[in-house]
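Comments concern the structure below.
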Amino acid sequence: MGLKFMSLLQFSNVSFSKEGKNILKNLNIHIETGDYISIVGPSGSGKSTFLKLCNNLISPSEGNIVFNNKVLSEYNPIELRKKIAYCFQMPYLFGDTVMDNLIFPFKIRNKKLDINRIKYLFSLFSMDEKFIEEKILNLSGGEKQRIVLMRTLMFNPKILLLDEVTSALDSENTLIVENIINKLNNNETTILWVTHNKEQSTKYANKLLTFENGEIKSLEVLR
Ligand SMILES: Nc1ncnc2c1ncn2[C@@H]1O[C@H](COP(=O)(O)OP(=O)(O)OP(=O)(O)O)[C@@H](O)[C@H]1O
Ligand SMILES: [Mg+2]
């Protein structure tokens with residue numbers, strides 16, 4: 001079997017329930033290396049829950065999820081999340097300053113801070129480097145979203161899970177982020193991006209995954 005035909009991430013009969021409520025029902029999907037999948041569907045249909053399953057923040061109640069031929073639960077969670085990185089719907093920053101967040105990816109890898117990498121990301125996002133020293137309390141919602149993205153992109157993940165990461169951005173910055181993500185995808189990063197923006201969902205993605213009532217309603221091939 002050629003590597004090309006093996007799924008990177010594979011859901012087999014996956015269900016997730018909580019407090020007697022069936023939130024996701026019998027999901028079957030193969031995600032291939034280099035896929036760029038837009039995930040759409042009504043509020044409450046299960047999109048964020050699906051992303052949380054993808055990097056084992058929550059585990060299936062039934063069925064299994066396989067990443068690189070190994071069941072997700074067999075991975076060390078920290079190692080797994082270096083490979084499958086999740087940008088939450090609500091931008092989550094910790095510590096006191098922007099730097100506390102940008103230094104974090106280096107810390108968990110026991111690596112020396114690379115200020116040039118940080119500066120490169122600021123230029124990529126067309127964001128002023130003065131924000132490096134800023135207190136997170138002083139950031140706008142859109143600034144927080146971009147800092148979280150930079151933190152997530154510091155070391156290239158294999159799979160990038162994005163949950164409405166441009167919801168607080170103006171159109172100009174949204175375009176910048178879309179282009180950064182598209183470039184990453186061209187360099188083999190697999191993208192799963194939840195968005196409520198119709199135009200965004202079909203712009204660069206090769207597949208469109210639609211959720212409805214906790215089920216996969218359709219998986220459309222776009223290009
Ligand atoms: N931990 C939990 N406990 C109980 N119910 C939950 C839990 N997490 C999610 N749900 C419920 O599961 C359903 C799906 O939630 P989810 O956050 O995945 O929706 P979504 O598609 O991301 O919606 P939105 O577009 O509003 O972000 C919702 O009805 C939600 O209330
Ligand atoms: Mg959501």
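In each ligand, atom 1 is the first atom listed, and ligand 1 is the first ligand listed. Because only heavy atoms are used, hydrogens play no part in the values below, and waters and symmetry mates are left out as well, while side chains stay in. Since we're looking at a predicted model, the values are computed, not measured.
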(message) Before we go on, tell me: are the rings of Tyr75 and Phe67 under 6.0 Å apart, centre to centre?
(response)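 Ring centroids of Tyr75 and Phe67 are less than 6.0 Å from each other.
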Report yes or no: does [X] have a heavy atom closer than 4.0 Å to ligand 1?
{"X": "Gly41", "value": "no"}
{"X": "Gly214", "value": "no"}
{"X": "Lys52", "value": "no"}

Return the [atom1] to [atom2] distance between [X] and [Y], rounded to the nearest 0.5 Å.
{"X": "Leu53", "Y": "Leu24", "atom1": "CG", "atom2": "CG", "value": "6.0 Å"}
{"X": "Lys47", "Y": "His196", "atom1": "NZ", "atom2": "NE2", "value": "4.0 Å"}
{"X": "Ile181", "Y": "Thr166", "atom1": "CD1", "atom2": "OG1", "value": "9.5 Å"}

(request) Tell me, please, which residues at least two apart from Asp35 pass salt bridge (charged side-chain N to carboxylate O under 4.0 Å, His left out). (result) Lys207
In the protein, which heavy atom is nearest to [atom], and how far is it?
{"atom": "atom 25 (O) of ligand 1", "result": "Lys47 NZ, 2.7 Å"}
{"atom": "atom 30 (C) of ligand 1", "result": "Lys21 NZ, 4.0 Å"}
{"atom": "atom 17 (O) of ligand 1", "result": "Ser48 CB, 3.7 Å"}
{"atom": "atom 6 (C) of ligand 1", "result": "Ile23 CD1, 3.4 Å"}
{"atom": "atom 27 (O) of ligand 1", "result": "Gln89 NE2, 3.0 Å"}
{"atom": "atom 3 (N) of ligand 1", "result": "Lys18 CG, 3.3 Å"}

(request) Please determine if Gly44 has a nitrogen or oxygen closer than 3.5 Å to a nitrogen or oxygen of ligand 1. (result) yes
(request) Say whether Glu19, considering both its backbone and side-chain N or O atoms, lies within less than 3.5 Å of an N or O atom on ligand 1. (result)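 Min N/O separation from ligand 1 is not below 3.5 Å for Glu19.
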(request) From the options Ile39, Asn213, Thr49, select the one whose nearest heavy atom is closest to atom 9 (C) of ligand 1. (result)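 When every heavy atom of Ile39, Asn213, Thr49 is considered, Thr49 comes closest to atom 9 (C) of ligand 1.
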(request) Name the option, out of Ser43, Ser17, Gly20, that contains the heavy atom nearest to atom 24 (P) of ligand 1. (result) Ser43
(request) List every atom of ligand 1 that sits less than 4.0 Å from any heavy atom of His196, numbering the atoms from 1 in the order shown and giving each element. (result)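 So the atoms of ligand 1 that pass are 25 (O).
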(request) Pull out every atom of ligand 1 sitting under 4.0 Å from any heavy atom of Pro42, numbered as shown with elements. (result) 21 (O)
Side chains of [X] and [Y]: do they bring a donor and an acceptor to under 3.5 Å?
{"X": "Glu212", "Y": "Ser218", "result": "no"}
{"X": "Arg223", "Y": "Asn206", "result": "no"}
{"X": "Ser48", "Y": "Gln89", "result": "yes"}

(message) Taking 2.8 Å as the limit, list every protein N, O or S atom around the Mg ion (ligand 2), by chain and residue number.
(response) Ser48 OG, Gln89 OE1
(request) Kindly state each residue pair satisfying salt bridge (charged side-chain N to carboxylate O under 4.0 Å, His left out) with at least one member in residues 83-97, sequence neighbours excluded. (result) Asp96-Lys135
(message) Under 4.5 Å side-chain heavy-atom separation, chaining through any Ile, Leu, Val, Met, Phe, Trp or Tyr, what else clusters with Phe94? Say none if it is isolated.
(response)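 Its cluster partners, ordered by chain and number, are Tyr92, Phe104, Ile108.
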(message) For Glu79, is the CD atom crowded, meaning more than 12 foreign heavy atoms sit under 6.0 Å from it?
(response)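 Counting neighbours around CD of Glu79, more than 12 heavy atoms of other residues, nucleotides or ligands fall under 6.0 Å, so yes.
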(message) Using ring-ring contact (aromatic ring centres under 6.0 Å, His included), reason through Phe88 and Tyr86 one step at a time and then give a plain yes or no.
(response) CA-CA 6 Å; Phe88 286 86; Tyr86 181 24; 4.4 Å; yes
(message) Count I, L, V, M, F, W, Y as connected when their side-chain heavy atoms are under 4.5 Å apart, and connections chain through other members. Are Tyr36 and Leu8 then in the same cluster?
(response) no
